[in-house]
Amino acid sequence: MIGKLKGTIEEIGEDYVLVDVHGVCYVAHCSGRTLSKLGSVGEACVLFIETYVREDQLKLFGFMSVLEREWFNLLQSVQGVGAKVALAVLSTLTPPELANAIALQDKTAVSRAQGVGPKVAVRIVTELKNKAPAYAGEAMNIGLKQELGEGVASAPVADAVSALTNLGYSRDQAANAVAAAMKTAGEDADSAKLIRLGLKELAR
């Protein structure tokens with residue numbers, strides 16, 4: 001079982017990188033975001049690896065962080081999400097952005113990934129809300145201001161975040177508090193309830 005590769009970039013393809021580890025080259029399939037951060041051919045790199053062993057193949061998937069690898073596995077626990085779709089989601093959203101989308105039940109953000117239709121997006125944000133409390137319990141707020149401005153988040157969520165920021169809290173604090181409130185109150189909670197619970201979170 002291979003858990004980590006540390007070597008030199010030999011080649012970068014459309015969806016993979018070839019890593020030379022002391023003369024042995026490994027093919028690791030990666031998200032577009034990971035590939036864009038690796039550097040150039042000849043440079044050193046470190047990848048956290050998820051090894052897939054099937055009857056007819058052995059495949060390696062590479063990630064920049066352990067957290068990204070955990071999200072890759074978590075995404076595949078959702079019906080209809082395989083390795084290809086999981087990589088597509090991670091190519092579109094960083095782990096913090098994905099946590100934010102799940103915490104706020106933002107189906108639109110998830111559906112921006114290639115190959116993710118509306119039904120799969122709904123399953124991802126719904127099923128992972130409870131399966132990933134360590135990640136989905138907080139809104140990381142990366143890109144949240146833009147998403148709220150585009151009307152991606154639901155009206156009660158947008159109103160609650162706006163109300164808390166009007167009270168003097170930062171956008172980060174407000175988003176995190178509302179995300180935590182949603183975990184308690186549910187995605188159908190109205191803005192008044194989200195504001196009330198959000199204030200309790202901020203008072204902790």
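Residue numbers count from 1 along this sequence.
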Ignoring hydrogens and geometry, is there a side-chain-to-backbone donor-acceptor pair from Thr51 to Ile2 under 3.5 Å?
yes
Closest heavy-atom pair and its distance - Leu202, Ala177
CG-CB, 3.7 Å
When rounded to the nearest 0.5 angstrom, what is the spacing between OG1 in Thr8 and NE2 in His22?
9.0 Å
Please list, chain by chain and in numerical order, all residues satisfying side-chain contact (heavy atoms from CB on, under 4.5 Å) with Tyr16, sequence neighbours excluded.
Glu11, Val27, His29
Donor-acceptor pair, distance only, cut-off 3.5 Å: does the side chain of Thr92 make one with the backbone of Ala88?
yes
Among side-chain atoms of Glu68 and Ser31, is any donor-acceptor pair under 3.5 angstrom?
yes
So which heavy atom on Ala181 is nearest to which on Gly198, and how close?
CB-N, 3.9 Å
Quick check on the hydrophobic clustering: are Phe48 and Leu38 connected, directly or via other members, by side-chain heavy-atom contacts under 4.5 Å?
no
State yes or no: do Val21 and Leu60 share one hydrophobic cluster built from I, L, V, M, F, W and Y residues joined by side-chain heavy-atom distances below 4.5 Å, directly or via other members?
yes
Hey, is CD on Gln79 packed in by over 12 heavy atoms from elsewhere, all under 6.0 Å?
no
Restricting to non-hydrogen atoms, name the atom on Gly62 and the atom on Ala28 that form the minimum distance, rounded to 0.1 Å.
N-CB, 4.1 Å
Backbone N/O of Ile9 and side chain of Glu43: donor-acceptor pair under 3.5 Å
no
Polar side-chain atom of Glu201 near backbone of Leu197 as donor-acceptor pair, under 3.5 Å
no
Return the minimal non-hydrogen interatomic distance between Val41 and Glu10, and the atom names on each side.
CG1-O, 3.5 Å
Using 0.5 Å steps for rounding, measure from the CD1 atom of Ile49 to the SG atom of Cys30.
7.0 Å
If Ile, Leu, Val, Met, Phe, Trp and Tyr residues are connected whenever their side-chain heavy atoms lie under 4.5 Å apart, and connections chain through other members, are Leu128 and Leu93 in the same group?
yes
Sub-4.5 Å side-chain heavy-atom contact between Tyr169 and Leu199
yes
Reported CG-to-OG1 distance for the pair Asp15 and Thr34, which is rounded to 0.5 angstrom
12.0 Å
Please walk me through it: do Arg123 and Val120 pass side-chain contact (heavy atoms from CB on, under 4.5 Å)?
CA-CA 5 Å; Arg123 284 201 294 266; Val120 174; 3.4 Å; yes
Roughly how far, to the nearest 0.5 Å, is the CE atom of Met64 from the CG atom of Leu35?
10.0 Å
Heavy-atom donor-acceptor pair, Thr126 side chain to Val122 backbone, under 3.5 Å:
yes
Search all heavy atoms of Phe72 against all heavy atoms of Ala86 and return the closest pair with its distance.
CD1-CB, 3.7 Å
Are side-chain heavy atoms of Asp106 and Val125 found at a separation under 4.5 Å?
no
Using side-chain heavy atoms (C-beta onward) and a distance below 4.5 Å, is Asp159 in contact with Leu194?
no
Pairwise distance CD(Glu50) to CD(Gln76) - rounded to 0.5 angstrom
8.0 Å
Hydrophobic cluster membership, with links at side-chain heavy-atom distances under 4.5 Å among I/L/V/M/F/W/Y: are Leu87 and Val81 in one?
yes
Give the minimum heavy-atom separation between Leu90 and Leu75, together with the two atoms involved.
CG-CD1, 4.2 Å
Do the side chains of Phe61 and Leu18 join up, straight or via other hydrophobic residues, at under 4.5 Å, putting them in one cluster?
no
